[in-house]
Amino acid sequence: MNTPSKAEQLEANFISKCNLLKAAINSASITSLPSLSAQLDSLRELVAQGAEWWTKYDIRRNSETLSALELEVDNVRTRLKPRRRFRFTQTPSEVIAQPPKQDAALTPQKAPRAAENGLLIDSASVRNGKIELDSLREQNVSLVGLTNVRVSLKGSLRALRFSQLTRCHVEGAFVDGSVFMSNCDGCDIEVACHQLRIHESHACSLWTCSGSAPIIENCDSMRFGELVLDGRKGCWNDVKDFSWLREGSSPNWQLVSEKRTPRGAQST
Amino acid sequence: MGLMTILRKVKAREREMRILVLGLDNAGKTTIMKRLKGEDVHSVSPTLGFDINTLEFDKYKLNMWDVGGQQTIRTYWRNYFEQTDGIIWVVDSADVARLSDCRAELETILMEERLAGASLLVLANKQDLSGALTTESVVEHLALNDMIGKKRHWQVFPSSALAEDHTADVENLLMRSIEWLVHDIASRILLAD
């Protein structure tokens with residue numbers, strides 16, 4: 001068996017983290033600045049570890065990559081906070097400025113604008129820890145900022161978005177179009193759809209039957225299982241991880257053998 | 001300017017245009033391409049790399065590059081910038097939460113030197129979804145007037161590429177938008193001498 005050497009592992013890790021950081025730099029906002037610094041720290045650590053294993057050439061090249069990224073992050077910081085020209089370390093106030101995770105879940109960013117968007121379901125719709133939506137017809141539904149909620153959807157949807165859900169359970173989602181999921185944590189979701197894209201999520205389990213390969217990006221500890229539908233053969237096990245553009249299987253997801261049949265399954 | 005003259009002549013002879021189709025993931029880029037080619041839009045899956053579609057339009061041959069929009073691969077967009085005549089920027093008008101991302105990405109590519117001359121067609125897609133922003137609000141939310149202004153030729157068209165009803169209208173509208181783009185490029189590149 002050919003197992004990757006320590007140097008290769010570190011290199012792979014370094015490259016994937018660089019790509020993540022580049023992506024984060026491109027989409028940086030004032031609230032994501034602390035996370036950029038944290039990502040830089042973890043890259044520095046990797047280079048330090050790598051110094052023991054890598055060739056001289058690799059060490060120099062990776063250090064150069066790191067300095068270039070440091071410079072970029074600095075530029076982003078100056079762009080977003082133009083008045084502060086000099087800074088040495090991350091100040092405590094910056095840490096506090098970032099809202100704790102729970103609050104973020106309750107008050108999603110840009111909430112007033114998202115409300116314009118089709119049927120918006122947030123924590124105001126929760127009754128006894130549940131949300132039940134009946135007789136949906138070809139709707140565009142967004143589930144935003146929910147924690148510990150059981151969501152049951154009945155009917156058909158045109159498009160579905162999950163955003164900032166924590167430890168939620170979602171069932172009965174039959175979507176003709178695409179499903180877009182972001183910033184979810186510890187959720188258990190059953191969804192049949194045409195396309196499935198998942199961003200920035202952690203430790204979620206999805207039972208799915210999708211018209212095309214599910215996509216994950218900047219996710220980890222994801223699990224995928226098959227949602228068994230009558231007469232429909234869908235994708236569920238061919239997950240594409242865009243944060244893992246290298247050869248070999250992605251460490252960010254795994255398959256589960258448990259199959260599920262949607263409760264009150266539709267016969268279409 | 002010698003090179004430009006040669007390029008122009010070559011292009012005029014071949015009547016070829018190179019068009020980049022860009023936008024965030026899930027905007028509907030590939031669905032729009034399928035519609036333009038009259039193919040089944042229900043078989044569309046997220047684009048992993050890119051697809052090249054060749055479309056005959058009027059007397060022109062359009063080479064349309066449909067490039068995947070996932071965040072991680074957006075950094076590779078710049079590999080496709082060379083010699084681009086037109087950009088189609090596809091917006092998911094129902095995805096209000098990511099409009100700021102959408103704006104930032106568009107801003108980045110418009111600053112790109114290699115795309116400086118390219119005509120820009122913005123498609124406010126998914127107009128058929130409930131809660132979709134109108135074309136006007138898309139212009140407003142993306143602040144297109146401020147961002148682009150008079151620096152380049154641009155137009156915004158509504159589209160609903162996945163709509164089941166009125167497919168003829170949908171295709172007509174899409175064709176009209178492509179017509180604008182093609183004629184704008186033609187007047188700029190092929191006839192300017």
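In what follows, chains carry the letters A, B, and so on, assigned in the order in which the sequence lines appear, proteins first and then strands, with residues in each chain numbered from 1.
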With a 6.0 Å cut-off (strictly less than), is the heavy-atom count around CZ of A:Arg61, excluding the residue itself, greater than 12? yes
With chain B, which of A:Lys240, A:His194, A:Arg197 has the greatest number of heavy-atom pairs at distances under 4.5 Å? A:Arg197
At a heavy-atom distance under 4.5 Å, which candidate from B:Leu162, B:Leu129, B:Asp25, B:Ile73 has the highest pair count against chain A? B:Asp25
Between A:Asn218 and chain B, which part of the residue has a heavy atom less than 4.5 Å away: side chain, backbone, both or neither? side chain
Take A:Ser178 and B:Lys126 through the side chain to side chain contact (heavy atoms under 4.5 Å, CB included) test and state the conclusion after the steps. CA-CA 11 Å; A:Ser178 60; B:Lys126 306 203 188 180; 3.8 Å; yes
For A:Gln195 versus B:Asn26, what's the shortest heavy-atom pair and its separation? OE1-OD1, 4.1 Å
Chain A heavy atoms under 4.5 Å from B:Thr108: which part of the residue, side chain, backbone, both or neither? neither
Beyond-backbone contact of B:Asp92 with A:Phe180, side-chain heavy atoms, under 4.5 angstrom: no
Verdict with reasoning, B:Gln71 to A:Glu200, per side chain to side chain contact (heavy atoms under 4.5 Å, CB included): CA-CA 11 Å; B:Gln71 193 189 57; A:Glu200 278 85 26; 3.8 Å; yes
Using side chain to side chain donor-acceptor pair (under 3.5 Å), reason through A:Glu217 and B:Thr72 one step at a time and then give a plain yes or no. CA-CA 7 Å; A:Glu217 193 167 20; B:Thr72 329; 2.2 Å; yes
Quiz question: by atom type and distance under 3.5 Å, do the side chains of A:Ser27 and B:Asp101 form a donor-acceptor pair? no
Using a cut-off of 6.0 Å, state whether more than 12 heavy atoms not belonging to B:Glu113 lie near its atom CD. no
Are any of the side-chain heavy atoms of A:His199 and B:Gln70 separated by less than 4.5 Å? yes
Top contributor to chain A interface from B:Ser45, B:Ala104, B:Pro46 [non-hydrogen pairs under 4.5 Å]: B:Pro46
